[in-house]
Structure formats: structure tokens, C-alpha cells
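First the proteins, then the strands, lettered A, B, ... as listed; each starts at 1. Because only heavy atoms are used, hydrogens play no part in the values below, and waters and symmetry mates are left out as well, while side chains stay in.
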Amino acid sequence: MNAPIYINVAIAVPIDQTYTYQVPETFKDSCFTGVRVMVPFGRQTLSGYCLEFTDDPPVDKIKCIFDVLDETPLFYPDMVPLFKWMARYYCFPIGQVVKSCLPDGLSVITANTAKITPAGRKKLLSENMNPVEQKVLQYLDKGQQPLKNIQKHFKNKVPMSCIRRLERHLYVQIEKKEIRGAAAPKCIQYARFNPGCQFKPDSVTSRQQELIQMIRHAGEISVADIRKQGFSSQILKTVHQKGFLEFFDKELYRDPFGETIPPDTYLPIPTKHQATAIQTIENRIGQGFQVYLLYGVTGSGKTEVYMRITNAAISKSRTALILVPEIALITQVERQFRARFGDCIAVLHSRLSNGERFDQWMRIVRKQATIVIGARSAIFAPLENIGIIIVDEEHDASYKQSTQFRYHGRDVAAMRGKMADAVVVLGSATPSIQNYYHGMQHKYQILQLPNRIHNRPMPVIQVVDLKQNVGMRGMRRIITPELEHALKKNYENNQQSLLFLNRRGFATLPVCVQCGETMMCKNCDIAMIFHKNIHAYKCHYCGFTRPHNTQCPNCATGELKKLGYGTQRLEQDVSALIPDARVTRLDQDTTQKKDPLSTYSKNCGIIKLISWLARK
DNA sequence: AGCACGCCGACT
DNA sequence: GTCGGCGTGCTC
Ligand SMILES: [Zn+2]
Ligand SMILES: [Zn+2]
């Protein structure tokens, strides 16, 4: 008789505790740290995460797990101490910590689902029944529904007791149902010639023979491609039934960017400071935990340092994790890394679809990707044996999650690095005070890149006091003579100009000509912004809109004057100022696409990017 | 978070 | 009596 196996399970409920379950013999070979398990929890059945094995159960009454949901663990055991640390440090229930660290769309939800019974259908015909119950039965007659949906459908007007009464009278049956998340590896059906068959050309029609020839020629080909070549699904079915070809599923890797990037052909020679930084970090990889603060001015070539030290980690058989604050920047960094490292890169960020994110996650778990580039949540990527964690633009506030589980990506990075004996590199041209202090205290080591690459001079900065424009109207308040001159000079020299303005929209201040009040959002107490493209006022906080001809809500009759200067207006005015220049606006309204910076890096013509990139 | 239990007032 | 509203406590 083997000793019973116990596991500690974290369940995504707001309870600051794990629970111990027994693993029955049937699951002893499939239950690992990092898989999800279905467990009985009170009267419910929930999915939980297997965190660790244990020998001594804390209480006497130990239940058994019902099922193991994953073949492959979703994370490696070395994440468990990090989960526990985060749960304590950020005061967040451990089950929900684990849940928020894993990609969305995996959670299996079990819902109490109500289903109408034959007796219920009969009752529905008899007509003499409580109207509320009748409505519920009619609703369920169209198909079974989770209890929550019933509540939602009837706007909480149906008391639970009513449903329970229906159950008691056996008009409905209530049982627990699993609703699986949508994210599963996307598979494509492929066909190939069945090598085991005895192919007799005279046993098929000429069209069927064409198909077989084509498939034999191709080796393997997706069913979708076969259909594209004009073969019907019927003919495919027939040939399959005759045993000449076989179908198989191939997992599709959804490349979020789908483009091939030519490899780097030459390596830039590092500057003296770069070389020192690279050497220092490289020597440390594999020698234990250390945080470096890479303090490099803009244009000093931090990315080159990142790539060199990533390469060092890879050649020491370790993995690398690169955190970038903005999704827009991920694309840039990814392109450079892909050019040097090829396909062993996974990308994780919030704009991937659940399916794409799941694919990337599993590529990392299966060690098909050893370099991960991503935004904040990528710090939880299931990499094993991490050699280096790089946090680019370390000072950036978007590393701090500001809802729910309020972790700080940069601090978690430091802790993960510490637990994994990895090297952590925090890069910034303007380090955060906290980390600079750590550097001064020699807790972190500061590496400086004081010069720009190729000894390019630092940009000339001229501060222009806008107070000199106080009396001006329209664009002259914003575009000073100095700026106009600089823009025109750039245009004549065939160079780009970038203009930054931290106000989205066209007019940012709708003021009533009659009473002088500013029109605020009725929900949010901030000014409504006029947007030219939708020709309406919009609240940037809640999205509430009002039509363009809205009258002052305060005095009800006053016209609104569109004051204040936003990016759309700047775009219009600059176009008027230099009519031949190509002007592109880059703000949240135009940046929704996955690759906003591509135009920026490709076009060397005369482009003005009027924008506010950094933060909403 | 669910879900039970239990107590109490408002109805048949 | 019974229904249902809500406060309290538990979940391996
Ligand atoms: Zn008014
Ligand atoms: Zn609003």
C-alpha cells in the first residue's frame, strides 16, 4: 500500500489560503505542479492550481481531486515561491494571484446550470401557473442556462427561491456544468497520402486521381489549401474513405506579426562604455543574483547592450526575459531581436487575442521560445532557468498595475531574478529615484552609458516661453515663430520633425459663450473633448459622447465655443502651414493597430508625427 | 466568491 | 405554518 499523495491547491477565490487534496491513484502520473485540477470545494466544484506536493495534511478530512485539466503544466515549480511572495507582499489571495499570472481564457468555470425537464414542459402547457415561474420556464425551454444568466436575463427580478421551487417540483433540473475557456491550441487539419495503402489508379475517377497526385506531390497540405485548389469536400471525403489519404491535425502557431524579418548581417561594434557594461553583466550571468542599473542617455545604445547580454545568457544555456513598457515599443524591440536571434522569441502583451497569447505561452512552456519580450504581465512568462531579466525604461509608470492585483512589474522582476539566481538589468535614461537610490547604496550596481553611439552630439534643446504668445489666437498660441522656423527648415532639408502634444482630440475645452461654464462629462467631472473625426464631444474617461451641436448643459441655451488645442487641430494647422508636407498623427485614436511605429521607422520623407505616445 | 444555515418578520 | 430577507461562517 503506497502512502497517499497530497497536493496543495490554490483556488481563485478571495481566500488567503491554499487547500490540501488527495490525489487518487488514477491521477498520480498526470498530476504535477502547475496543472489545473478540478476539486470539490464546499458544495461547489472549482478549478484550482496544483502548487506543490505535501506529506502531512493539515486537517483530517481531506477530499480527493476530481480531475486533472492539463496535460502540460502551465508553469514550472520555481514560480511557486514567487506566487507566495506576491500574495503576501501585495496582500492578494494566492489563488487570484496565480490566476492573474496565467494567460486569460484558460479558466474552467463551472456554473450551476438549469435545464427544463419533461415535467416542466408539460407544466408549461397547463397554463395555470405563477407568471414569473412561467417566464423562467419559457426562457429555459429555449435551452439550458447557467443560473447567473437567468438572473441577468430577468434583471435580478427572479428570486433564487423561485428557481429552487421549480427544482423541487422537478420542473427544472439544476446541475453543475463546465464551461471551458476558449483558448486551446489552434489546429489545422492536414491531409497526406496514406503510405500504407495500395494505390490502384484504375480504382479512382480522373478527378480523384488528380487530387491524389497533387497531395503526393505536396507531401502534406492543409485541407483549406486543397479546397482553395478547387477540390470539393465531397471528393476529399470519397478519397479518404477509399483509404488513399489520411488526415491529421497540425498545431498552428499564430504569429502575431506574420512577417519574416531578414537576419542581421553585421554586428555593430560596441562603444567603450557599452563594452564595459556588456562585459560586466556577461561575467555575472550564472554567478548569482545581481541587479544592474543601466543608466544610459537616450541614443546611447541600450538595446544593443540588451541584445549582447541576451546572447550571453542564451550561450550559457539560460533563457532571457525582456520587459518593455509600451506595446508600441515591443514591436520595435521585437523586430531587432528577431533579426538577431530568429524564431526563438515569444511575445506577450495585452493586445494579443486569447488564442494568440495561449499559443505564445505554450511555446515558452515547451521551450520552443527561450527569449520572451513583453509588457508588464510578461514577467510571469513560464520560462525555466532564467539567466537574465531586462526591464527597459525601468522608470515607466505602466509597470505598475493599477487595478485588482496591484503589483509592480519592475519589483516583481527583481524578486523573480533573486529567486532564480538571475541577473536583472534595469535600463533607463531617467532612472526612478528608488532604483537610483539603491544604486547609490550599492544594493544595485550602476553602469553608465554617458555618450551617444558614434559620438553623436546630444540634441540641442531650446526652451521657448509660451507666455510671449498670450495675446495670440489659434495655432499661433502653440506654434511659436521659433517652432515654425524649425519645421520649415527641416522640411527644406528633407528631414522629419516630431511634435509632441499631450492633448488628444481637436478642441479640448468646450466653453459656453453665454454663461462661461465648461461642459463637463455628466459622469466624470472632466471636460468633454471635441473630436473632429467623429464630429462629436467625447469624455476621455468614460467614453460618453454628445453631438457636435450640443448646447451648454448649464444654461441650456448657450452655444459652445471649441477652445483648447488638441492633436487633431495641430495636425490640421501644420498641414496648412506647410501644405506639401506629409503629416501623420500618432495618438491613441490612430495607434490602435498593432504596429504604429512602422511608418515612423520606414518613411524617411517629410513626416510630421503629431502625437502623444507615452501615456493615455 | 458561493453557498449553507439560522433567525425573524410578513404573509397564507 | 411557510416563505423569503439578510447576517454569519465555512470551504481541505
Ligand atoms: Zn451656458
Ligand atoms: Zn465621462
(request) Mind jotting down which residue pairs meet the side chain to side chain donor-acceptor pair (under 3.5 Å) criterion with at least one end in residues 80-95 of chain A? Sequence neighbours excluded, please. (result) Glu52(A)-Lys84(A)
Atom pairs, protein N/O to nucleotides 4-7 of chain B N/O, distance under 3.5 Å:
none

(request) Starting at atom CD of Gln404(A), determine the distance to atom C1' of dA1(B), rounded to an integer number of angstrom. (result) 14 Å
(request) Rounded to the nearest angstrom, tell me the gap between atom CD in Gln96(A) and atom P in dG2(B). (result) 10 Å
(request) Using salt bridge (Lys or Arg N to Asp or Glu O under 4.0 Å) as the criterion, list what pairs up with Arg410(A), not counting sequence neighbours. (result) Glu394(A)
(message) Between Arg503(A) (side chain only) and Ile529(A) (backbone N and O only), is there a donor and an acceptor less than 3.5 Å apart?
(response) no
(message) Quick check on contacts: within residues 54-65 of chain A, what sits under 4.0 Å from DNA chain C by heavy-atom distance?
(response) Pro58(A), Val59(A), Lys61(A), Ile62(A), Lys63(A)
Using residues 19-28 of chain A as the side-chain source, report each donor-acceptor pair under 3.5 Å to any protein atom, sequence neighbours left out, with the distance given to one decimal.
| residue | atom | partner | partner atom | Å |
| --- | --- | --- | --- | --- |
| Tyr19(A) | OH | Gln17(A) | OE1 | 3.3 |
| Thr20(A) | OG1 | Asn8(A) | OD1 | 2.9 |
| Tyr21(A) | OH | Pro40(A) | O | 2.8 |

(request) Specify the residues of residues 13-22 of chain A, ordered by number, for which at least one heavy atom lies under 4.0 angstrom from an atom of DNA chain B. (result) Pro14(A), Ile15(A)
(request) Only counting residues at least two apart or in another chain, list the ones meeting side chain to side chain donor-acceptor pair (under 3.5 Å) with Asp392(A). (result) Tyr306(A)
(request) Round to the nearest Å and state the distance from Gln44(A) atom CD to dG9(C) atom P. (result) 19 Å
(request) Using the test ring pair (Phe, Tyr, Trp, His ring centres under 6.0 Å), find all partners of Phe289(A) that sit at least two apart in sequence or belong to another chain. (result) none
(message) Applying ring pair (Phe, Tyr, Trp, His ring centres under 6.0 Å), can you list everything that pairs with Phe75(A), at least two apart in sequence or on another chain?
(response) Phe83(A)
(message) Taking ring pair (Phe, Tyr, Trp, His ring centres under 6.0 Å) as the definition, give me every residue that meets it alongside Tyr537(A), ordered by chain and number, with sequence neighbours left out.
(response) Phe530(A)
(request) Under the salt bridge (Lys or Arg N to Asp or Glu O under 4.0 Å) rule, collect the residues that match up with Lys367(A), sequence neighbours excluded. (result) Glu384(A)
(message) Run the ring pair (Phe, Tyr, Trp, His ring centres under 6.0 Å) test against Tyr407(A) and tell me which residues pass, sequence neighbours left out.
(response) Phe380(A), Phe405(A)
